[in-house]
Amino acid sequence: MASETGRILTGSCLCGVVRYAVPDAFAYALNCHCAKCRRTTGAAFKPIAAIEAEHFRVTDGADDRLFVGDPTAHDAHCRHCGSFLYSLVRDAAYIHIGMGTLIDTPTIRPSVHIFVGSKAPWFTITDDLPQFEGHVT
């Protein structure tokens, strides 16, 4: 599971029961402001880094995950602490990793804000990243 940089990143839930490894070879990263992502994380937006599903590996606690959704599109949380870990998306082709669960620092940074048309009215975006009302066009 080597990446272009050769770096393997690790991540985990808050309590550390569920752990994962992923190469530092993300396809994209973004900040999603949709209502579902806000409710899933309890935050103003969800910063995610996307990678092809076959490159993502749960290293500990595979049986300790709680899935919300179906086999081809779901959110994964730790069954013990409730931490949001990742979403399986795009017909199970990609994993959207919650960047806050990464222990190691990825080289990628979010490059856009999406679904700003439904962002929390109490949150102000203060950076200069491009903003999209819905998905990136």
Side-chain angles (χ1 to χ4, degrees):
M1 177 194 292
S3 70
E4 292 174 13
T5 65
R7 291 181 63 224
I8 301 299
L9 307 176
T10 59
S12 78
C13 63
L14 177 64
C15 70
V17 170
V18 181
R19 296 182 173 275
Y20 65 84
V22 64
D24 189 14
F26 295 103
Y28 55 89
L30 52 82
N31 296 319
C32 184
H33 294 265
C34 79
K36 180 182 177 218
C37 286
R38 287 188 284 114
R39 288 184 188 107
T40 298
T41 62
F45 59 91
K46 178 170 68 172
I48 63 97
I51 194 151
E52 294 84 1
E54 69 262 15
H55 298 300
F56 177 83
R57 183 170 49 92
V58 174
T59 58
D60 290 300
D63 294 336
D64 294 299
R65 293 174 293 169
L66 171 68
F67 300 107
V68 179
D70 63 50
T72 61
H74 60 253
D75 289 338
H77 297 260
C78 172
R79 181 177 307 281
H80 303 282
C81 67
S83 292
F84 166 77
L85 294 159
Y86 63 87
S87 298
L88 183 65
V89 298
R90 298 170 61 184
D91 294 321
Y94 280 81
I95 297 281
H96 281 179
I97 293 172
M99 292 182 78
T101 65
L102 286 164
I103 295 167
D104 304 308
T105 304
T107 54
I108 199 167
R109 301 292 184 266
S111 61
V112 299
H113 293 274
I114 63 171
F115 289 100
V116 298
S118 61
K119 76 172 191 62
W122 46 263
F123 180 76
T124 302
I125 298 170
T126 59
D127 61 45
D128 294 327
L129 295 178
Q131 298 180 25
F132 296 87
E133 290 293 307
H135 278 293
V136 175
T137 55

S.K.: So if you build clusters from Ile, Leu, Val, Met, Phe, Trp, Tyr with side-chain heavy-atom gaps below 4.5 Å, do Leu85 and Val58 land together?
M.R.: yes
S.K.: If hydrophobic clusters are built from ILVMFWY residues whose side chains come within less than 4.5 Å, do Tyr86 and Leu30 share one?
M.R.: no
S.K.: Is a side-chain donor or acceptor of Asp104 paired with a backbone partner of Thr10 at a separation under 3.5 angstrom?
M.R.: yes
S.K.: Would you call the rings of Tyr20 and Phe56 parallel, tilted or perpendicular, taking 30° and 60° as the class edges?
M.R.: tilted
S.K.: Output the distance between atom NE2 (His113) and atom CG (Asp128), rounded to the nearest 0.5 Å.
M.R.: 9.0 Å
S.K.: Tell me, please, which residues at least two apart from His135 pass ring-ring contact (aromatic ring centres under 6.0 Å, His included).
M.R.: Phe115
S.K.: Any chain of hydrophobic side-chain contacts (each under 4.5 Å) joining Leu88 to Phe67?
M.R.: yes
S.K.: Calculate, to the nearest 0.5 Å, the distance between atoms CZ and CZ belonging to Arg57 and Arg19 respectively.
M.R.: 13.0 Å
S.K.: Grab the two heavy atoms, one from Met99 and one from Pro110, that are nearest each other, plus how far apart they are.
M.R.: SD-CG, 3.9 Å
S.K.: Check whether any side-chain heavy atom of Cys32 sits under 4.5 Å from a side-chain heavy atom of His96, and report yes or no.
M.R.: no
S.K.: Just wondering, do Ile48 and Ile97 contact through their side chains at under 4.5 Å, heavy atoms?
M.R.: no
S.K.: Which label fits Phe45 and Phe123: parallel for a plane angle under 30°, tilted from 30 to 60°, or perpendicular past 60°?
M.R.: tilted
S.K.: Any side-chain donor paired with an acceptor under 3.5 Å for His55 and Tyr94?
M.R.: no
S.K.: Would Val89 and Val22 show up in the same hydrophobic cluster when neighbours are defined by side-chain heavy atoms closer than 4.5 Å?
M.R.: no
S.K.: Between Ser12 and Ile103, is there a side-chain heavy-atom distance shorter than 4.5 Å?
M.R.: yes
S.K.: Do you know which two heavy atoms are closest between Val17 and Cys13, and how far apart they sit?
M.R.: N-SG, 3.5 Å
S.K.: State, with a plain yes or no, whether a side-chain heavy atom of Lys46 is found less than 4.5 Å away from one of Asn31.
M.R.: no
S.K.: Got more than 12 heavy atoms from elsewhere within 6.0 Å of CG, Asp70?
M.R.: yes
S.K.: Among side-chain atoms of Thr72 and Asp91, is any donor-acceptor pair under 3.5 angstrom?
M.R.: no
S.K.: Donor-acceptor check, side chain of Ser83 to backbone of Cys78, threshold 3.5 angstrom: yes or no?
M.R.: no
S.K.: Are the side chains of Val136 and Tyr28 in contact, using a 4.5 Å heavy-atom criterion?
M.R.: no
S.K.: How long is the gap from CG on Leu102 to CG on Leu9, to the nearest 0.5 Å?
M.R.: 6.0 Å
S.K.: Do the side chain of Arg79 and the main chain of Gly61 share a donor and acceptor less than 3.5 angstrom apart?
M.R.: no
S.K.: To the nearest 0.5 Å, tell me how far Thr107 OG1 sits from Arg7 CZ.
M.R.: 6.5 Å
S.K.: Does Ile95 belong to the same Ile/Leu/Val/Met/Phe/Trp/Tyr cluster as Phe84, with side-chain heavy atoms less than 4.5 Å apart forming each link?
M.R.: no
S.K.: Between the main-chain N or O of His80 and the side-chain N or O of Asp64, is there a donor-acceptor pair closer than 3.5 Å?
M.R.: no
S.K.: Can you tell me how far CD of Glu52 sits from CZ of Arg90, rounded to the nearest 0.5 angstrom?
M.R.: 8.5 Å
S.K.: Indicate the atoms forming the closest heavy-atom contact of Ile108 with Ala49, along with that distance.
M.R.: CG2-CB, 4.4 Å
S.K.: Kindly say whether Ala43 contributes a backbone atom to a donor-acceptor pair with the side chain of Arg38 at under 3.5 angstrom?
M.R.: no
S.K.: Which pair of heavy atoms, one from Ile8 and one from Pro23, lies closest together, and at what distance?
M.R.: CD1-CA, 3.9 Å
